[in-house]
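Written below as structure tokens is the structure these notes are about.
Values below: every heavy atom of this structure, side chains too, minus hydrogens, waters and symmetry copies. In this chain, residues are counted from 1 in sequence order.
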Amino acid sequence: MEYQAVLFDFDYTLGDATESIYEGHCYAFEKMGYPKPELEEVRRMVGYLLEDGFTQLTGEADPAKREEFRHIYKEHVKDTQARLTKLFPGAVELLDALHQRGVKLGIVTSKHVDTLEEIMEHHGIRELIDFAIGGEMVKLPKPDPEGLNTGIQTFGVDKARVLYCGDTTIDAATAQNAGVDFSAVLNGVTPAADFGAYPSVHIAPDLVELKSWLGI
């Protein structure tokens, strides 16, 4: 095991919050007078900032409308996201195996950290995670490497010994911009071929295979 720190994206990397995210979009769109979005349209927006996904789905770029969407969406999902989010098969086993070997673990996500904390507590993995940063805690969203770099600095490890794992090309670009190794995890909607434009050390079909590849 050559890595001293492994950091992860969350949505479609470690966990699947589709049910809650889709419910939140449908609720907010109805409140705001927009047509109900298709499930697959919303799935393709997971990993983006909520406001950016809203703009892509509706074409509405007015900052006030973007903020209104976030407020209404959060109002609906605040009591459901932790309960409805599922961890992918192998997630707990992977995190536990890395933790047992003294590897520093972090999550760098566009999801707000309060929601992430609730999900981690609900699934009993909070004690395994040494560092978590959400989209509201950085000046610029991924692929800007601020969040990832903050985690690396917090851990005090050499970038050559850091791995970042994610499900989108945004995550791949984030790792590239930070200068660390990247492994794709194909739990989301991004196919393996899309990662060809980015440097990666591995493309894992799932977390079970990623654990095996890491040799733990």
Test log, rule salt bridge (charged side-chain N to carboxylate O under 4.0 Å, His left out), inputs K31 and E68 = CA-CA 10 Å; K31 286 276 190 181; E68 180 184 4; over 6 Å; no
Audit row: Y164, Y3, ring pair (Phe, Tyr, Trp, His ring centres under 6.0 Å) steps and yes/no = CA-CA 10 Å; Y164 186 51; Y3 296 109; over 10 Å; no
Under the side-chain contact (heavy atoms from CB on, under 4.5 Å) rule, what do I107 and I133 come out as? Steps first, then yes or no, please.
-> CA-CA 6 Å; I107 295 178; I133 191 165; over 6 Å; no
Can a donor-acceptor pair be found between the side chains of H112 and E118 at a distance below 3.5 Å?
-> no
Considering all heavy atoms of both residues, which atom of G53 and which atom of Y48 are nearest to each other, and what is their separation?
-> N-CB, 4.3 Å
Please walk me through it: do E93 and K211 pass salt bridge (charged side-chain N to carboxylate O under 4.0 Å, His left out)?
-> CA-CA 8 Å; E93 293 81 0; K211 180 175 179 292; over 6 Å; no
Between Y27 and H76, what is the ring plane arrangement, given parallel below 30°, perpendicular above 60°, and tilted in between?
-> parallel
Indicate whether the side chain of D167 and that of T13 have a donor and an acceptor atom separated by less than 3.5 Å.
-> yes
Is H123 reaching over with its side chain to a backbone N or O of T85, donor-acceptor style, under 3.5 angstrom?
-> yes
Could you tell me whether the side chain of F54 reaches within less than 4.5 Å of the side chain of M32, counting heavy atoms only?
-> yes
Search all heavy atoms of C165 against all heavy atoms of F182 and return the closest pair with its distance.
-> C-CE1, 4.2 Å
Nearest heavy-atom pair of K159 and A178: which atoms, and what distance?
-> NZ-O, 2.7 Å
Would you say the side chains of T190 and T168 form a donor-acceptor pair under 3.5 Å?
-> no
Same cluster (ILVMFWY, side-chain, under 4.5 Å), F10 and V42 | yes
Is there a side-chain contact between L214 and L163, using heavy atoms and a 4.5 Å cut-off?
-> yes
Applying the side-chain contact (heavy atoms from CB on, under 4.5 Å) test to M45, which of L57, T55, V189 qualifies?
-> L57
Would you mind telling me which of D79, T115, T80 makes a side chain to side chain donor-acceptor pair (under 3.5 Å) with S20?
-> T80
Between D181 and R161, is there a salt bridge with N-O shorter than 4.0 Å?
-> no
Closest non-hydrogen atom pair between A82 and I119, with its separation = CA-CG1, 3.8 Å
Is there a donor in the side chain of R43 and an acceptor in the side chain of Y22, or the other way round, less than 3.5 Å apart?
-> no
What is the distance from atom NZ of K104 to atom NE2 of H99, rounded to the nearest 0.5 Å?
-> 9.5 Å
Are D9 and K142 close enough for a salt bridge, meaning some N to O gap below 4.0 Å?
-> yes
Donor-acceptor contact below 3.5 Å, side chain E60 vs main chain D62 | yes
Is any side-chain heavy atom of P89 closer than 4.5 Å to a side-chain heavy atom of L207?
-> no
Same cluster (ILVMFWY, side-chain, under 4.5 Å), L50 and F29 | yes
How about P37 and C26: do any of their side-chain heavy atoms sit closer than 4.5 Å?
-> yes
Given side chains that start at C-beta, do those of N187 and D206 come closer than 4.5 Å, heavy atoms only?
-> yes
Where is the tightest heavy-atom contact between Q81 and I21, given as atom of each residue plus distance?
-> NE2-CG1, 4.1 Å
